[in-house]
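Because only heavy atoms are used, hydrogens play no part in the values below, and waters and symmetry mates are left out as well, while side chains stay in.
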Amino acid sequence: MPITESTSDGQPARPAPADGSAAPCPDPEHPGAGAVPRNKEHAGAKEHHVMSESSEDENDDITRESSHDQQNRGAPNFEKTPSSRAQSRRSSTFANTSTVPRAQRRGLLGRLTLIPEVDQPYEYKNSTKWTITAIVALAAAAAPMGSGIFLPALPGMSVDLGASETVTNLTISFYMLAMSIFPLWSSFSETLGRRTIYIISFSLFLVFSICSAVSVNIAMLLVMRILSGGASASVQAVGAGTIADIWQPANRGRAMGIFYLGPLVGPLCSPIIGGSLTEGFGWRATMWFLSIYGGVMLLMLLFCLPETLARQPVAAAAAANAVSPDLQRVSTTTQSIKLRTRHTAALLKRLLLDPLSVILHLRQPPVFLTVYSASIAFFSLFVLNISIQSTFSRPPYSFAPIPLGACYLAPSLGYILASTLGGRWIDYIMAREARRAQRYDADGKLIYLPEDRARENMWLAAVLYPGAMLWYGWTSEKGIHFMVPCVANFFFGFGSMLVFGVTTTMLTEFMPRRSSSGVAVNNFIRNIFSCVGSVIAQPLIDAMGNGWLCTMVALFALLTGSAAVWALRRFGAKWREDMDRRLGEGR
């Protein structure tokens, strides 16, 4: 997905040729090498991937409108198209952006928001964008926190509820399975808006976490865990959509990296919190902690998160809601029944079939390979999580719940480092590749493509995390000092987070008009992989030991992950163009 740069005075930057001659001016009528004609028709044909935008240039943008506009304008409506995105400029050039009146704000209980909704979310101040990014990152932390906080509590819960170790592991496996299925309904956020999905999700998460805390047997706990996992799951997909709503692609990699700190700080903090609570108050305290966290996040979302989904144009909205004269003249009972039946069928299709339709995106090779790269890394991650809990709670380590939880610090520190540096790195790589290929639009602004994000960073990641898993497996198998396998886990966390950051950002750019749907199908597949990993890990550890299990998983991840990266690099551009055409044709 292409982006453009601006100089400090707002003029487009264009590097001079290597021979020192004057840089040619791109001509929309007769573009030269590297110049891409940019007009409405061209933008419309490439709306899924190729767009030209101005860099935010670290600005502290503000939105303004005149008092006359405030008094006279109607309800604002905008469509998130390349042409509307290209209107993003420095603050002096987007003074037309306006705040939506409180009575017209969208989303469930939208009038309560303290941060106002604006016509064009791209034009929020940077400080407001980072605030929204932080809120959705904290919200997205709830789902992985719900699995990680249980890991140190499994032995105590097994004794308290009279269940075997394999059965108690199902409280994590089924939780992850629910996280794979329920994100599909986050596709509603593309029509209902982001805010409504957030609030409904966390309301349900709060209720089901309380029910988990008061469970009287393992069956009740499993059911409540499935429901709470499903309630929290869609936030990760909707959160990525929110990031795509407010950040231009030039800075989206960095923003996506910060957003992913939430889902990865969850695994960092939750095992330590879970170990401390389990040792002090028992395993039920972990569920009460999740209930409190869910309640706090619900209040934060209710009052601090505006709707960020771009509005439809007035004409499109009117056409969608218009009633034809023929329908207005319907008078007979039979015609009325037919009309109501049609509306009911449309509603059922929207509720039951449309969420499942996001799975069809896997027919597109770029989407399939990107999702697979993330999924195999997620599978490896959950095999590792179960292995850490199983290995360090037994001899020769025999750690208590608190030090056992601290063992998860190592990979989580790797997540944080990769999330902080990796986002800037992929933005730099994308800009470098655009300059190297001399891709400029008619205004002389850089054009970025999604597949440019997967370069040396993905090759490093595809080798690093399988190698680190191999290192961990054999050192823990031989009972070597616990710091040695923990260092390996740090590198595992760094490598796997590079994969997660790149794949999520690429999906939002392969499908810019359907960003939440793209991330939803990613979460669907990778959480199925994580469920399988957490189910089979313990029996395989008992049967073959850490060393051979980690060797098997690491080699599979190395070979298939590297093949996916190679295929994206070799055929990504052709596949993306084919996907553009198919999506444009509605197939």
Do the non-hydrogen side-chain atoms of [X] and [Y] ever get within less than 4.5 Å of each other?
X	Y	answer
Q389	P155	yes
L305	I132	yes
L177	I226	no
I258	W130	yes
V521	L507	no
V383	M552	no
Y175	F150	no
S380	Y465	yes

ask   = Between T171 and L154, is a side-chain contact (heavy atoms from CB on, under 4.5 Å) present by the stated rule, with each step listed?
value = CA-CA 9 Å; T171 60; L154 291 176; 3.9 Å; yes
Modelled atom types, side-chain donor and acceptor of S387 and Y472, under 3.5 Å = yes
Does any pair with a residue in [range] pass salt bridge (charged side-chain N to carboxylate O under 4.0 Å, His left out), and if so which ones, sequence neighbours excluded?
range	result
residues 373-384	none
residues 526-543	R394-D542
residues 402-420	none
residues 401-414	none

Partner set under salt bridge (Lys or Arg N to Asp or Glu O under 4.0 Å) for [X], not counting sequence neighbours:
X	value
R570	none
D427	R453
E433	R436, R455
K478	none

I need the [X] [atom1] to [Y] [atom2] distance, nearest 0.5 Å.
X	Y	atom1	atom2	answer
R576	F571	CZ	CZ	15.0 Å
I525	I376	CD1	CD1	12.5 Å
F492	Y415	CZ	OH	5.5 Å
C407	M483	SG	CE	9.5 Å

task = Mind checking side chain to side chain contact (heavy atoms under 4.5 Å, CB included) for S530 and listing every partner two or more places apart, or none if nothing turns up?
result = M176, F378, F382, N527
Test side chain to side chain contact (heavy atoms under 4.5 Å, CB included) applied to S398 - qualifying residues, sequence neighbours left out = P395
message = Pair S173, S534 - check side chain to side chain donor-acceptor pair (under 3.5 Å), show working.
response = CA-CA 6 Å; S173 303; S534 59; 2.9 Å; yes
task = Of all the heavy-atom pairs spanning P365 and W575, show the shortest one and how long it is.
result =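 That would be CB-CD2, 3.5 Å.
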query = Between S232 and F205, which heavy-atom pair has the shortest distance, and what is it?
reply = CB-CD1, 3.6 Å
[X] side chain vs [Y] backbone, donor-acceptor pair below 3.5 Å:
X	Y	result
T504	G501	no
T508	T505	yes
Y408	N385	yes
R363	L360	yes
R225	G146	yes

inquiry  = Please report whether the ring centroid of F556 lies less than 6.0 Å from that of F379.
reply    =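 No, the ring centres sit 6.0 Å or more apart.
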inquiry  = For T168, give me all partners under side-chain hydrogen bond (donor to acceptor under 3.5 Å, both in side chains), at least two apart in sequence or on another chain.
reply    =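 side-chain hydrogen bond (donor to acceptor under 3.5 Å, both in side chains) check on T168 returns nothing, list empty.
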ask   = Any side chain to side chain donor-acceptor pair (under 3.5 Å) pairs touching residues 368-379, not counting sequence neighbours?
value =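 Passing the test, one end in residues 368-379: Y372-T560.
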